[in-house]
Amino acid sequence: MHASIGARQLEPVGWIFAALNLIFLVSAMGLGIFLVVESVPILRLEGVDFWLGDDWWVGESFGALPMICGSLMVTGLATLLVLPVALSGALFTSEYLSPPFRRRVKGIMELLAGVPGIIYGLLGVSFLTVGVKDALNLLDGNTLFTAGLLLAIMILPMILTLSEDALHSVSSEFREAAESLGLTKLQTALRVVLPQSVPGIVGAVLLGIGRAMGETIAVMLVVGSLDRVPGFNLFASGQTIPSKLGREAAEALGSGLHWNALMALGFTLFLVVAILTFSGHLFIKRNSQ
Amino acid sequence: MIQFKNFVAAFGGRKVIRALTFNLPANSITAIIGASGSGKTTLLRALCRMNDRVKNFRVEGNVLIDGMDIYRPDTDVYALRRNVGLVFQKPCVFPKSIFDNAVFGVKEKMHRKEYPDLVEKVLREVFLWEEVKDRLGEKATTLSQGQQQRLTLARTLAVGPQVLLMDEPTSSLDPKSTAAIEKLVQSLKSRHTILWVTHQHDQAHSIADKVLIIENGQIAPFETPVARPEQSSSFTRVLQNVQEYPE
Amino acid sequence: MIQFKNFVAAFGGRKVIRALTFNLPANSITAIIGASGSGKTTLLRALCRMNDRVKNFRVEGNVLIDGMDIYRPDTDVYALRRNVGLVFQKPCVFPKSIFDNAVFGVKEKMHRKEYPDLVEKVLREVFLWEEVKDRLGEKATTLSQGQQQRLTLARTLAVGPQVLLMDEPTSSLDPKSTAAIEKLVQSLKSRHTILWVTHQHDQAHSIADKVLIIENGQIAPFETPVARPEQSSSFTRVLQNVQEYPE
Amino acid sequence: MAEKMVRVLIGCITFLIVALLFSILGVMLLKGLPAMHAGFLFEESRDFGRAGGVYYQSIGTLILMGVAVLWSLPVALGSVLFQTEYLDTGKLKTFLTQLTYILNATPTILFGLVGYLLFGVYLDTGVSWVTGSLILAVMILPTLQVSIREAVEALPEKYREAGMALGLSRPTQIWRIILPQSFYGIVTGVFLGLARAAGETAAIMFTATTFSGIQFPQSFSDPVPTLQTHILVLAQEASNPESIAQAWGAGLVLLGLVFLLTLTAWAFRARVVMESEL
Amino acid sequence: DTGPRIQIVGSTTVLPVVSRSAQKFMESSSSRILVNAGGSGVGIHSVAGGRADIGMASRGISPDENKRFEKSYLIVHSVGLDAVACVVSSEIFQAGVRRLTARQIAGIYLGEIRNWKEVGGPNRKIVVVDKERHRGTRHVFMQYIFGNASQRTPGTLLVTGSNNEEQAKIAQSDSAIGMLSFNWMNDDVKAVSILDQGKEILPTWEAVRQGSYPIVRKLNFITAGQPKGEIKAFIDFVKGPEGQKIVAESGYIPIGNPKSKRLN
Ligand SMILES: Nc1ncnc2c1ncn2[C@@H]1O[C@H](COP(=O)(O)OP(=O)(O)OP(=O)(O)O)[C@@H](O)[C@H]1O
Ligand SMILES: Nc1ncnc2c1ncn2[C@@H]1O[C@H](COP(=O)(O)OP(=O)(O)OP(=O)(O)O)[C@@H](O)[C@H]1O
Ligand SMILES: [Mg+2]
Ligand SMILES: [Mg+2]
């Protein structure tokens, strides 16, 4: 009864916080509602075929499957590439490095998290595509793989620094307790520190994945932008939802079926992310039990 | 057998332990008493190198356990700590189930099937089994302070160290549990070397083979035959020294 | 004046305190003893509504302080907690300087210039001043456990509560400091209503006007005239009840 | 010994990460330095990037990023504190958390387009830096929120309890315990948010920026030139090497600005964290 | 600078011309010209919505837009021309592919021809680079090759947007084909001539100047209704000699009397 903290217990400051929270809620919901409303016409016209269709040709048909596949593959690849690397880095920085070195590495990461997406895009065009092409002996370097790799590099500093924060914020009491039982540093890190920082790490990873999912310019410049269901071939060009939006949205602005279709793409991304975060949440829940 | 040779422990410039030279025989119980802030905890932590993490902590002199200097650079600290179990003054249980806490330090070598038996054994030893046997899966953080204190003791016992360092292990226990723990420790004497920090002088004298008093970072040893403190005139003297209540 | 009327406190399904009906007169010291895990801490925490944040905690019945039910929804919990000071069993100092810790709970109303005097006053009261006066700017977390315990007591005193709840405040203190704190508490009696949890029965009986024993979530009160326990036959009976050492 | 091997392995990985990221900086330097003539930082851009510098673009970028963080930080802090300190764990809290992540993954161009339709078309506020900073603020909100929430939630419960027991009101607890103790994380969030804002081109191109014609905004309804759009336009349509070099130079300046802000915040953080002695 | 303010928004292709012209124009005028990128679509949309005075577009107004913005009386003013060439990677050019028939190009884009050796080049797969569908470049190119501005091209491997992007992709590849404005050709990206019904169309400035080059598109200004005042003055300025000089300097082809201009 008393334990539930209801609105009646809010003091003035609490109301301010609630109002600020409302701003956030309204902007996020507003964006979502806008997307839903704008995508109604195309969804009404195409129904599920919008998501299952593999042909996107303005004026004829709008099938989002190539973009959905592309987005999932690129993001999945980026996550796969970045996770082990970022987590090892975070673990090493938090558990093994001495404070001055830790500060230095963190500093570099924080600086690099600040490299703008457009710069990654330019670097990707200038170096990564050629590098991938030569290294893998491909016909061309503008592939889903390149995009995934670029995204992995891009989100690495952010994931690393945030997961490191999560690891580091575990009270050292626990580390001491574990080490006094004779656990090695690594065992302590894996059995005590890591489990306790799982929520923080999942948060960091979700933030990174989200960033990767939504990245427009950098992906657009290296992914090849070909609307084609890529199958399971990562080494071919493809298209992601944001890059599709980046290429066409400004042209189609405002109204018309093309615009609706693009907004439906945005809405689709919303859904995908919702599913992802929901599973992430479940993961935390299961893990905390 | 633990030997201190001219041992000094300091935080930065402040020497907490100064020039300690001293032997603790194997299979004995030694009690340490001393004012709050006199360096008892520091001494215990130094014995299993828990202060390695503390930045400005440094030691001088030697500490030998079974003839091996534990501060030699090539010491395997993990093996050392498995051999020298420390029960903290401020119990710190992991935010896991009671069961998991009890077996936390057990080496992977042991088979998981043996865990339940081990848990029951150690929890019984620390007199906690009856209280928690129905809620082994609950989080250990929901236990009361005294229960947590016994759980951390059980956790250490499960590792099976040779040397047991206990930092006021009965400070938050009721007399019944305290007596049980005291009895347990006395029964452990045959297998372990035990160092016991306490503030209760009668407790120290009733269980220990030897009582040390830390003062100004140095030790004034009192060999106490297993005798009730009331019967020992030397102890009365000690008490008078220490218990100089401010009136 | 604190009144419990049919007070029940439970975590989920497990009732820790059951149907407690009881009065504590103002300006008195009441000691609470009881086995580890019997609900003493829960009782104290319930008195200043510290368990509001605990998810599955619930209470039934009433607790009145000066006639006001503290569990009424419109209670100002912050004012309540300033009025009812709780000294934790497990001291938790903030990772700030010793000085900052001592004045942490002081309302902003007080002028900063008065802080040094206040700090000296409360630290002297808890018998810590001499030990830390040269290092007030150092982190409080570097203090020993006993020092931290006294610091948290000082921190609470600085707020100036009317009711003082002390959860084993001397558990990690040496006899000297313990005696000092006991004396302090006795001198505070004239201004405060004090609830003191302890495991040491002689301590309980020597300082308290009244000793309560918690058992199975219920209270068996023993009115104890200010008398040495050794001289009280009723107390001996109690002791025998409780200290039934397992042999 | 497995322990050692793992340690060496993850140490190497960390080293490689640092090296990789350093090489990115190196490349930026190599590419951008040719544009760095004496006046690059303090001159106006001329002749479609063939001459001059990026002075006003830098100022515009700073204005947009700074103001966006100013809008966003209170909202992020307030909503996180509301969620962690005032709301019980429950459906609403879960929902709000998830919303944060969804918002975070929204492609920035959507913010730009929706912002264009909302501000430009429906509200008809025109192209202005205020609009742009608002859109950026919403865009970096999730980044700030997640980092702040993590910092706040990582705070051990015992500190809150100790504060409660002293009778500190909730605002006082927030002000004296939670904010100081999570200050480090909050600053991290601000870095990441700033970075995000700095990287965004698509979101502000239709609502806040101008390529040329305005130097310094005279009013709230003026657009600003920014480095981001400058780079984008030059990189897309400049056919002569001077202009392309200027695009890289502008990239280097952008990077420099982000770094400068980060370093400032760092110094600030170092001081405050020392004070709160985290 | 209290004079009137002119807002110009739209295609990045036209932007270099406008940016330079505005700079020049403002030297002798009190008006302030704000130029911003955004793409042809945004340009047209903004003009129709009254949020900009001039829209820049590298294409015409689509029928759909015409219908939507009927009430705005959109008027198109051409200010220059852009010539689009079929380009190949320099490696291919060096290997001997100097000319392609329109049919061969069509075959490549349709995916029927997949290897350079089928058109007299080295034995290497073709990297077919297409442009975003709405790009003016693609419109005129496809119109010429297929007779259909929005021809589907199943042979495509990459899609690019801006000139620089396409240039970079073709330059990085050693077997690419694409379409590109003249001004972006360099050592790595070479234009081939197109054989059409026995006639060889050389991709030279000379041919464009003489008006014989067929693949050209218009760079347009869009206004809502007839422009007046300073807006008209600016459009006239760009169409006038000084503006046309800038058009030429920006790598496009002036309109009007082509013979009076010297191209690069
Ligand atoms: N948050 C919680 N959730 C569930 N059970 C709890 C929680 N906190 C305490 N308990 C249980 O309630 C009982 C009483 O705990 P409490 O801390 O009040 O004991 P105590 O009398 O203070 O013991 P001690 O002397 O050991 O400190 C114990 O069995 C404990 O396990
Ligand atoms: N990390 C540290 N940095 C600096 N000083 C420290 C540190 N840890 C302990 N000290 C100081 O060293 C002295 C001894 O501390 P220690 O914890 O060993 O005392 P103790 O004898 O265990 O006291 P108690 O009975 O109160 O637990 C104290 O003055 C304490 O303030
Ligand atoms: Mg100690
Ligand atoms: Mg308790």
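Below, read A as the first sequence line, B as the second, and so on, with proteins coming before strands; counting in each chain starts at 1.
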Counting C-beta onward and ignoring hydrogens, is there a side-chain heavy-atom pair between [X] and [Y] closer than 4.5 Å?
X	Y	value
D/T97	A/H281	no
A/V115	D/M28	no
A/P242	D/I109	no
A/M109	D/V18	yes
D/L25	A/L112	yes
D/Y184	A/K106	yes
A/F24	D/Q83	yes
A/M29	D/L99	yes

Among the listed options [options], the residue most often paired with chain A at heavy-atom distances under 4.5 Å:
options	answer
D/L9, D/L261, D/T100	D/T100
D/L77, D/L96, D/T108, D/L16	D/L96
D/V80, D/V138, D/V27, D/L118	D/V27

Give the minimum heavy-atom separation between [X] and [Y], together with the two atoms involved.
X	Y	result
D/Y101	A/V273	O-CG1, 3.7 Å
A/I118	D/Q228	CD1-O, 3.9 Å
D/A198	A/P116	O-CB, 3.9 Å
A/G210	D/N104	CA-ND2, 3.6 Å
D/P74	A/L20	O-CD1, 3.3 Å
D/T14	A/G89	OG1-CA, 3.5 Å

Exercise for the section: Show your working on side chain to side chain contact (heavy atoms under 4.5 Å, CB included) between D/F95 and A/L25 and close with a plain yes or no. Expected result: CA-CA 10 Å; D/F95 172 72; A/L25 194 67; 4.0 Å; yes
Most chain D-contacting option - heavy-atom pairs closer than 4.5 Å, from [options]:
options	value
A/L207, A/I108, A/V272	A/L207
A/L262, A/T184, A/L91, A/I23	A/T184
A/G200, A/G30, A/S169, A/G117	A/G200
A/A250, A/G107, A/G32	A/G107
A/D165, A/L87, A/T161, A/L206	A/L206
A/A19, A/A274, A/S27, A/A212	A/A274

Residue [X] versus chain D: region with a heavy atom under 4.5 Å:
X	answer
A/S126	side chain
A/Y120	side chain
A/L276	neither
A/L269	side chain
A/L186	both
A/L123	both
A/L160	side chain
A/A166	neither
A/L31	side chain
A/L156	side chain

Would you mind checking which part of [X] comes under 4.5 Å of any heavy atom in chain A, side chain (CB onward), backbone (N, CA, C, O), both or neither?
X	result
D/V6	side chain
D/I102	both
D/I174	side chain
D/A154	both
D/K4	neither
D/Y116	side chain
D/E153	neither
D/L141	side chain

Exercise for the section: Show your working on side chain to side chain contact (heavy atoms under 4.5 Å, CB included) between A/L162 and D/L192 and close with a plain yes or no. Expected result: CA-CA 10 Å; A/L162 283 181; D/L192 298 177; 3.9 Å; yes
Exercise for the section: Measure the CZ-CG distance between A/F17 and D/L87 for me, rounded to the nearest 0.5 Å. Expected result: 12.5 Å
Completion exercise
dist D/I10:CD1 -> A/S88:OG (nearest 0.5 Å) comes out at 6.0 Å
Practice task
Start with the C-alpha gap between D/L232 and A/I217, add the side-chain angles, then the distance that decides, and say whether side chain to side chain contact (heavy atoms under 4.5 Å, CB included) holds.
Solution key: CA-CA 10 Å; D/L232 189 72; A/I217 279 261; 3.5 Å; yes
Exercise for the section: Determine, for A/E95 against D/R7, whether the closest basic-nitrogen to carboxylate-oxygen distance falls under 4.0 angstrom. Expected result: no
Handout entry: Flag, side chain of A/E110 to backbone of D/T188, donor-acceptor distance under 3.5 Å
Key = no
Practice task
Verify, without hydrogens or angle tests, whether A/N21 (side chain) and D/F82 (backbone) share a donor-acceptor contact under 3.5 angstrom.
Solution key: no
Practice task
Apply side chain to side chain contact (heavy atoms under 4.5 Å, CB included) to the pair A/M158 and D/F191, showing each step before the final yes or no.
Solution key: CA-CA 10 Å; A/M158 184 167 75; D/F191 292 153; over 6 Å; no
Exercise for the section: Kindly write out the residues that satisfy ring pair (Phe, Tyr, Trp, His ring centres under 6.0 Å) with A/F92, not counting sequence neighbours, or none if the list is empty. Expected result: A/Y96
Handout entry: More than 12 heavy atoms of other groups within 6.0 Å of D/W71 CH2
Key = no
